[in-house]
Structure formats: C-alpha cells, structure tokens
There are 2 protein chains.
Amino acid sequence: MTSIDPLATDASGALRPTKQRLAVAEALRTYDGFHSAQEIHSRLDGAVGLATVYRTLTALAEAGAVDAMRSEDGETIYRRCSDTHHHHLVCRQCGRTVEVEGPAVERWTKTMAEDNGFTDVSHTLEIFGTCTDCR
Amino acid sequence: MTSIDPLATDASGALRPTKQRLAVAEALRTYDGFHSAQEIHSRLDGAVGLATVYRTLTALAEAGAVDAMRSEDGETIYRRCSDTHHHHLVCRQCGRTVEVEGPAVERWTKTMAEDNGFTDVSHTLEIFGTCTDCR
DNA sequence: GTAAGTGCAAACGGTTTGCAGCCTC
DNA sequence: GAGGCTGCAAACCGTTTGCACTTAC
C-alpha cells in the first residue's frame, strides 16, 4: 500500500524526480523521526524553496509515502513511512515522548468501527501524563 | 487532580467568575466532545469576544479543567474533563458521530503509561471511517 | 514543445497580544 | 479604588496560492 521509496509513485501520481524533490526525500531518509516542513527547509539550507518543501511534503503524504501528523504547537510534521504504526505517550510538562504500540487497540478500533457499519477505518490515539522526571 | 467545575480554581489560579467565563464554561458543559475556540465563540453568538474565548480556554486548559488537543486541520480543540469517558467514531464524509466506550482501551492506556513511569494519565482517541450511508 | 515543477511574494486562517476602558472583589 | 478581565484591532506564524519562469520528458 505504501512504497518504501517516496518517489516511486510512477504509476498514477507521476512525480518527477527533480533536484528539489530528491533533496526533500533524501532529507526524510536521513533524519529519522518526525520533522516539520520548516525544519527540512532549513536543513536543506535554502536549496529548496519553502513553498516547494510544503508542496512536496503534501504530495508525498497524499501518495502515502510519508506519514503526517500535527505537533502540539500546531506544526504539521512528517516522517518517512513504513515504520510500524504506533501511538504517542506525551509528558504534559516537558513534552518528552514515548512511542507505544498496541495490537489490541488496533483490533478494538477496527471492530468497533465495523460493528457500527464504518469502513476505511483509521484512528488517532494520544496518551498524556506526567513523566517520572517531572513529578 | 482536575476539578469538575472549570471555574473552581479558587486556591491558586483565582479565575474570576465573569459573565464571559461562565458562558464559555457553560458551553463546554452543554456541548459534549471536542470543540474549537471559534466554534464556541460562534455558538455563543458573539456574546463573548473571540480573544476572550481563546484566553479563557487557554486558562482552563492550564488549570487542568479542560483537555486540549489539536484537530486534524490545525485547530486547537477543547472538551471539559471528567465526562463519562467515551470516544468518538466519526464519518469522514457526513461527520456523523457515534460515541463508543471501551473499558479495555482505558485499561490499556493506563497500564501503558504507568509502565513508562507516567502518572495523571489521560488520553484521546478518535476513530475515523466512512459510514454506511456514505458508502 | 509542453506540461509539470519551482521560487517569490502576497494572501490566508487560526491564534496571540497591546492597549484603553470595564467590572469584580 | 486597584487589578484582573474584556473587546477591538493589529501583529504573528505556519501554511497555501497566484503567477511568471524553468526544467524534465
């Protein structure tokens, strides 16, 4: 469903492998985890216009090549896909984040949705708390 | 840890129970689930200035009286704390919402958080899909 | 050659803030 | 009466878009 190579969308999307797109894809490949468009733009040190970074990331997200989510402070952050699906456990004080997985939750949401006649199910789950350091 | 009444913050915060704050608190009490500041502002039909709604919601969130999270499209959304806790199953097309409960999920999030040393745990879970009518 | 991609700058939409007046304590 | 609270409008900040130019195919 989602390709490993963000640019291997030849079939339908037909994204041209331009310098800029390659640079963005490379950045996503190199820097692990979630990053904002602005962050990527500045890591590329102006080599790619900010608007282009946004357009590229949006396109990649639509093509399913990257995951997008919102950070706590309102930025859209992206990471290259094909990690296992997981959720975030976030400290309210310091913002420290732990990734957690839960097959049971995945199953539950799916069942719950289908019992109600819903299809194409997706979900978001965030857990908030106070971590040991901040107690 | 979190008070039932959003304005019962007498001890430290000392929020004055003004007309506007009461209106916002009442709105949160009346309308279940998550709502954006703009939504609350328009539900109050201009009775409370937009800036004040933002300020009030921010204050309530800081006081721990309401939960805040980011919606998919970048708005900050709030809900009053301590409802009979349930989650929402939302149709992507028509917006129809079904409330679902899941003791197993509640337990799982709690365990997961505590295993990682987190306390004062809360969580948000939203399920998205396409409902029967919209297929 | 042509359509897709790019950069720039202006537009946008949600949120925050400065300031003068108002209201609660 | 004093300091918190409010409304308005302007400022902010991340993101999107219009447009003329460039580039991959």
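Below, chains carry the letters A, B, ... as their sequence lines are ordered, and counting in each starts from 1.
The side chain of B:L50 sits closest to C:dT15 out of D:dC19, C:dT15, D:dT6. Nearest to the side-chain atoms of A:Y54 among the listed nucleotides C:dT6, D:dT6, D:dT15 stands D:dT15. Each of D:dT15, C:dT17, D:dA24 was ranked by its minimum atom distance to the side chain of A:R16; first place goes to D:dA24. Picking from D:dG7, D:dT17, D:dG14 the nucleotide with the shortest atom distance to the side chain of A:A51 gives D:dT17. The side chain of B:Q20 approaches D:dG7 more closely than any other nucleotide in the set C:dG7, D:dT15, D:dG7. Out of C:dT17, C:dA4, C:dT24, the shortest distance to the side chain of A:R21 is found at C:dA4. Checking C:dT24, C:dT6, D:dT15 against every side-chain atom of B:P17, the shortest atom distance belongs to C:dT24.
OP1 or OP2 of D:dA24 has not a single side-chain nitrogen or oxygen of A:T18 nearer than 4.0 Å. Between C:dG13 and B:Q38, no contact under 4.0 Å exists linking OP1 or OP2 to a side-chain N or O. For B:T58, no side-chain nitrogen or oxygen approaches OP1 or OP2 of C:dT15 to under 4.0 Å.
Across all strands shown, A:T76 has heavy atoms under 4.0 Å from sugar-phosphate atoms exclusively, and none from any base. Using a 4.0 Å heavy-atom cutoff across all strands shown, B:A47 reaches sugar-phosphate atoms only and no base atom.
Distance A:E39 CD to D:dT15 C1': 16 Å, rounded to the nearest Å. In this structure, the CD1 atom of B:I77 is 10 Å from the P atom of C:dT15, given to the nearest Å. One interatomic measurement links the two molecules: CZ of B:R55 to P of D:dA9, which rounds to 14 Å at whole-angstrom precision. Summarising the geometry, the separation between CE on B:M69 and C1' on C:dT15 is reported as 18 Å, rounded to the nearest angstrom. The nearest whole Å value for the distance from the CG atom in B:L22 to the P atom in D:dC5 is 13 Å. Rounded to whole angstrom, the span from the NE2 atom of B:H41 across to the P atom of C:dG13 amounts to 17 Å. Note: CG (A:D73) to P (C:dT15) measures 13 Å, nearest angstrom. Atom CG of B:L57 is separated from atom P of C:dG14 by 15 Å (rounded to the nearest Å).
A continuous path of hydrophobic side-chain contacts links B:L125 to B:W108 [ILVMFWY only; heavy atoms under 4.5 Å].
Here NE2 of B:H87 is found 8.0 Å from CD1 of B:I127. Values are rounded to the nearest 0.5 Å.
Checking A:E62 against A:T58 by side-chain atom types alone, no donor-acceptor pair falls below 3.5 Å. No donor-acceptor contact under 3.5 angstrom links the side chains of A:Q38 and A:S42, judged on distance only.
Residues B:Y78 and B:V53 have side chains not in contact (no heavy-atom distance under 4.5 Å, counting atoms from C-beta outward).
Remark on DNA chain C: of its neighbouring residues A:K19 and B:A37, the 5'-side contact belongs to A:K19, judged by nearest-heavy-atom nucleotide.
Annotation for B:T76 and B:A68: closest pair CG2-CB, 4.4 Å, computed over non-hydrogen atoms.
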